[in-house]
Amino acid sequence: MENTLGLEIIEVVEQAAIASAKWMGKGEKNTADQVAVEAMRERMNKIYMRGRIVIGEGERDDAPMLYIGEEVGICTQPDAKSFCNPDELIEIDIAVDPCEGTNLVAYGQPGSMAVLAISEKGGLFAAPDFYMKKLAAPPAAKGKVDINKSATENLKILSEALERGIDELVVVVMKRDRHNDLIKEIREAGARVQLISDGDVGAAISCGFAGTNIHALMGIGAAPEGVISAAAMRALGGHFQGQLIYDPEVVKTGLIGESKQANLDRLKSMGINDPDKVYDAHELASGNTVLFAASGITTGNLMQGVRFFKGGARTQSLVISSQSKTARFVDTIHMFEQPKIVQLHS
């Protein structure tokens, strides 16, 4: 899978990032998202593959592109059999977020990315459009910290695992009313808190790399993005756990269904009989091979954002593979215009 799709999925996220970056700072988050979706889908449909979107542009709304269940790739087109043999190709599941952090793009803030994860059919958890309690931590703490433990307990474990004082630890938390008690507890334990307004995928995977100065992600964010984070963290060997949140009273801010009972009924209809189950990275991204790709839209902890210059743009992307056990940073120059050839006369 990596050999076949590795370069092409980088180009998919690069094109989405470039399209969205053109709307950076214009205050138009919906447009920044829409153009990223269109660019991602257009490039994805040029790939020799049979893909199916399992996490996409909204489970409840009628998204016209990259909606859940949409088939993508050249070999899913109506006339596919005229130029390829679909039966020879492995079926893959794809989770996408063409513009992770739409507000970040709209207001010119750091950390937005175009992201996707792929695996074999059935290899990614089809998370409902709910919220998820998340805990991400570096590989050294894998299996030692636990989402069921308090923040204070996990910080002590993290301190021991990383051989650092608690006062040296930085925990990323989304700035939401529901996290007020969590933020207070982390600070009282002696650690430092980095508040973000949006985009927790970047924060989660930053825990998988040394030198980012991010040692944990805690709190509640969107469930679909949790699956994408889990795919990256599984390939990196980091710690990731997620637990679905179905009670609107817990979320406090944002929409989450009609009621707690209605949400429980909806989960049951989706075959999720244990709504309180804690999932680890291998359960959320269970495929034999998992690939993750991201391209920076605005500059963040891991990647530079899109930088435009006359006639082109420069992107920085990241592709992580569980197959080759690699994390590759890719710096790309995109030439929109052909450089002029200067004729030298003797």
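The closest donor-acceptor contact from the side chain of Gln304 to the backbone of Gly296 lies at 3.5 Å or more, if one exists at all. The closest donor-acceptor contact from the side chain of Gln241 to the backbone of Ile147 lies under 3.5 Å. A donor-acceptor contact shorter than 3.5 Å links the side chain of Asn154 to the backbone of Asp146. Side chain of Asp33 to main chain of Asn30: no donor-acceptor pair is present (N/O by atom type, distance under 3.5 Å, no hydrogens or angles). Remark: side-chain polar atoms of Ser321 are not paired, donor with acceptor, to backbone N or O of Leu291 under 3.5 angstrom. Judged by distance alone, the side chain of Ser229 and the main-chain N or O of Glu225 form a donor-acceptor pair under 3.5 Å. Ser159 places a side-chain N or O within 3.5 Å of a backbone atom of Arg164 that can act as its donor or acceptor partner. Not a single donor-acceptor pair under 3.5 Å links the side chain of Thr289 to the backbone N or O of Gln323.
For the pair Phe309 and Ile333, the minimum side-chain heavy-atom distance is below 4.5 Å. Taking the side chain as every heavy atom from C-beta outward, Asn213 and Arg192 approach each other to under 4.5 Å. Residues Lys29 and Cys99 form no side-chain contact, since every pair of their non-hydrogen atoms from C-beta on lies 4.5 Å or further apart. At a threshold of 4.5 Å between non-hydrogen side-chain atoms, the residues Ile68 and Asp129 do not count as touching. At least one side-chain heavy atom of Leu104 sits less than 4.5 Å from a side-chain heavy atom of Ser197. Between Lys268 and Asn273 there is a side-chain heavy-atom pair separated by less than 4.5 Å. Residues Met44 and Leu116 are in side-chain contact: their nearest non-hydrogen atoms beyond the backbone lie under 4.5 Å apart. The side-chain heavy atoms of Val72 and Leu66, taken from C-beta on, include a pair separated by under 4.5 Å.
Distance check, rounded to the nearest 0.5 Å: CD1 of Ile18 to OG1 of Thr332 gives 8.5 Å. Separation of atoms OH (Tyr48) and CD (Glu8) is listed at 12.0 Å; rounding is to 0.5 Å. Rounded to the nearest 0.5 Å, atoms CE (Met218) and CD1 (Ile183) are 12.0 Å apart. Taking OH of Tyr246 as the reference point, atom CG of Leu264 lies at 5.5 Å (rounded to 0.5 Å). Note that CD1 of Ile205 and CG of Asp200 are 10.5 Å apart. Values are rounded to the nearest 0.5 Å. Distance OG1/Thr315 to CG/Asp331: 7.0 Å, rounded to 0.5 Å.
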**Step-by-step side chain to side chain contact (heavy atoms under 4.5 Å, CB included) determination, Val12 to Ile47** = CA-CA 9 Å; Val12 168; Ile47 300 177; 3.7 Å; yes
**Prompt:** side chain to side chain contact (heavy atoms under 4.5 Å, CB included) between His239 and Leu158: does it pass, once the steps are laid out?
**Reply:** CA-CA 11 Å; His239 181 95; Leu158 199 54; over 6 Å; no
**Message:** The test is side chain to side chain contact (heavy atoms under 4.5 Å, CB included); show your working for Phe292 and Val115 and say whether it passes.
**Reply:** CA-CA 8 Å; Phe292 168 91; Val115 299; 4.2 Å; yes
**Request:** With side chain to side chain contact (heavy atoms under 4.5 Å, CB included) as the test, would you mind laying out the steps for Val250 and Tyr131 before giving the verdict?
**Result:** CA-CA 10 Å; Val250 174; Tyr131 282 81; over 6 Å; no
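With His334 as the partner, the side chain to side chain contact (heavy atoms under 4.5 Å, CB included) test is satisfied by one option alone out of Arg314, Glu11, Glu14: Glu14. Considering Arg50, Arg52, Lys121 as possible partners of Asp93, the one that fulfils the salt bridge (charged side-chain N to carboxylate O under 4.0 Å, His left out) test is Arg52.
When every heavy atom of Arg178 is checked against every heavy atom of Ile220, the shortest pair comes out as NH2-O, 3.0 Å. Across all their heavy atoms, Met303 and Met113 have their closest contact at CE-SD, 3.3 Å. Between Arg266 and Ser269, the shortest heavy-atom contact is O-OG, 2.6 Å. In terms of heavy-atom proximity, Ala136 sits nearest to Cys207 at O-SG, 3.8 Å. The shortest heavy-atom contact between Gly73 and Asn45 is N-OD1, 2.9 Å. When every heavy atom of Leu302 is checked against every heavy atom of Ser206, the shortest pair comes out as CG-OG, 3.7 Å.
Residues Phe125 and Leu267 share a hydrophobic cluster, clusters being chains of Ile/Leu/Val/Met/Phe/Trp/Tyr side chains in contact below 4.5 Å. At a threshold of 4.5 Å between side-chain heavy atoms, the hydrophobic network of Ile, Leu, Val, Met, Phe, Trp and Tyr places Val171 and Ile157 in one connected group. Both Val278 and Val145 are part of a single hydrophobic cluster, where members link through side-chain heavy atoms under 4.5 Å apart. Residues Leu236 and Tyr279 share a single hydrophobic cluster, defined by chaining ILVMFWY side chains whose heavy atoms lie under 4.5 Å apart. Grouping the Ile, Leu, Val, Met, Phe, Trp and Tyr side chains by contacts below 4.5 angstrom, directly or via other members, places Ile55 with Ile320.
In the displayed structure, Tyr107 atom OH is contacted under 6.0 Å by at most 12 heavy atoms of other residues, nucleotides or ligands. Atom NZ of Lys26 sits in a crowded spot, with more than 12 heavy atoms from other residues, nucleotides or ligands closer than 6.0 Å.
Applying the salt bridge (Lys or Arg N to Asp or Glu O under 4.0 Å) rule to pairs touching residues 64-73 yields Arg41-Glu70, sequence neighbours excluded.
Every residue two or more places apart in sequence or in another chain that forms a side chain to side chain donor-acceptor pair (under 3.5 Å) with Gln261 is listed here: Asp265. Residues that satisfy the salt bridge (Lys or Arg N to Asp or Glu O under 4.0 Å) test with Glu283, not counting sequence neighbours, are Lys277. With sequence neighbours excluded, the residues forming a side chain to side chain donor-acceptor pair (under 3.5 Å) with Ser317 are Ser295, listed by chain and number.
Judged by distance alone, the side chains of Glu38 and Gln34 do bring a donor and an acceptor atom under 3.5 Å apart. Between the side chains of Thr298 and Gln109, no donor-acceptor pair of N or O atoms lies under 3.5 Å.
Under a 4.5 Å side-chain heavy-atom cut-off, the cluster of Ile, Leu, Val, Met, Phe, Trp and Tyr residues that includes Met24 is completed by Val105, Ile297. Side-chain heavy-atom separations under 4.5 angstrom define the hydrophobic clusters, and the remaining members of the one that includes Met174 are Val172, Ile196, Ile214, Leu217.
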